[in-house]
Amino acid sequence: MKSRMLILLALFSALSAVGAAIKIPAIVGSVALDVFPALLAAALLGSGAGAIVGALGHLLSALIAGFPLGPMHVLIAIEMALLVFIFGVLYKKNKKGTASILFILMNAFAAPLPFIFILNKAFYVALVPSLLIGSIINTVIAIVAIPRLKALVKQDLIEKM
């Protein structure tokens, strides 16, 4: 069972790498479609798995962009892991709407708050619109895909037991 979970975790991480290459225009090149596989993993495999994919996905997106914010991407990866973890917990409690809205708002408005102090307010204001658009797109893709993939993942896990 552990090897099956590792394989699925690798699959979602690979999807995140593909999404990391699909950028959303922003002042920082790391805004991309890298988080929807993490949201899928959180809903289908559990919050912890989703958090791992979320952190890894952001780091891959930052790597493709050339780490424009340097070591601050580690902070962003931790934030992403936390947000995806919370999404997974709420989604599993059948609070799908709350999970989606909270993820979008926290990723677009709360997660970049440290940059007001690290860089400046202008950077925050310039970053928020692209983060909001990216968060909405990633979340909508995940919410549409989760029910369609749920049966496949469950069936796959059941068959291998």
Side-chain angles (χ1 to χ4, degrees), residues 1-26 28-65 73-113 127-161:
M1 192 65 172
K2 287 184 182 184
S3 62
R4 176 68 48 193
M5 180 62 91
L6 285 174
I7 291 168
L8 289 170
L9 195 58
L11 173 69
F12 285 110
S13 296
L15 286 172
S16 190
V18 171
I22 304 170
K23 300 295 185 186
I24 294 169
V28 178
S30 62
V31 181
L33 297 181
D34 60 324
V35 77
F36 83 85
L39 298 175
L40 293 173
L44 300 172
L45 306 177
S47 298
I52 292 168
V53 175
L56 182 61
H58 175 74
L59 292 174
L60 290 169
S61 181
L63 176 67
I64 291 170
H73 282 290
V74 173
L75 169 67
I76 299 168
I78 293 167
E79 289 177 334
M80 189 58 63
L82 180 63
L83 293 176
V84 171
F85 186 87
I86 293 168
F87 174 88
V89 168
L90 291 172
Y91 194 92
K92 291 286 187 180
K93 290 183 178 179
N94 210 23
K95 296 180 180 182
K96 298 169 186 165
T98 303
S100 300
I101 291 169
L102 187 63
F103 177 80
I104 291 168
L105 294 177
M106 295 293 287
N107 192 45
F109 298 106
L113 279 175
L127 186 59
V128 165
S130 56
L131 281 178
L132 180 61
I133 291 167
S135 298
I136 291 170
I137 293 170
N138 276 293
T139 306
V140 167
I141 292 170
I143 291 299
V144 169
I146 290 167
R148 288 156 179 77
L149 295 175
K150 195 174 243 181
L152 292 173
V153 171
K154 280 188 178 179
Q155 186 63 31
D156 182 52
L157 289 175
I158 290 168
E159 287 177 1
K160 301 304 177 190
M161 290 174 120

Can you name the nearest heavy-atom pair linking [X] to [Y], along with the distance?
| X | Y | answer |
| --- | --- | --- |
| S135 | A108 | OG-N, 4.0 Å |
| S61 | A32 | OG-CB, 3.6 Å |
| I104 | I136 | CG2-CG1, 3.9 Å |
| S130 | V31 | O-CG1, 3.8 Å |

Side chains of [X] and [Y]: does their closest heavy-atom pair fall under 4.5 Å?
| X | Y | value |
| --- | --- | --- |
| F103 | I86 | no |
| V84 | V35 | yes |
| I64 | K23 | yes |
| L131 | P112 | yes |

Heavy-atom count check: over 12 atoms from other residues, nucleotides or ligands less than 6.0 Å from K92 NZ?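 More than 12 within 6.0 Å, yes.
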Working to the nearest 0.5 angstrom, can you tell me the gap between [X] [atom1] and [Y] [atom2]?
| X | Y | atom1 | atom2 | answer |
| --- | --- | --- | --- | --- |
| L127 | L132 | CG | CG | 11.0 Å |
| S13 | L60 | OG | CG | 8.0 Å |
| L75 | H58 | CG | NE2 | 9.0 Å |
| I24 | S30 | CD1 | OG | 10.5 Å |
| D34 | L15 | CG | CG | 12.0 Å |
| N138 | N107 | CG | CG | 8.0 Å |

Side chain of S16, backbone of F12: donor and acceptor closer than 3.5 Å?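 Such a contact is absent between S16 side chain and F12 backbone.
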For residues 31-56, pull every pair meeting ring-ring contact (aromatic ring centres under 6.0 Å, His included), keeping only residues two or more places apart or in separate chains.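 Sorted pair list comes back empty.
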Check side-chain contact (heavy atoms from CB on, under 4.5 Å) between S100 and all other residues, then give those that pass, not counting sequence neighbours.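 If we apply the side-chain contact (heavy atoms from CB on, under 4.5 Å) test to S100, skipping adjacent residues, the hits are F87, T139, I143.
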L63: what forms a side-chain contact (heavy atoms from CB on, under 4.5 Å) with it, not counting sequence neighbours?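 Counting only residues at least two positions away or on another chain, L63 forms a side-chain contact (heavy atoms from CB on, under 4.5 Å) with F67.
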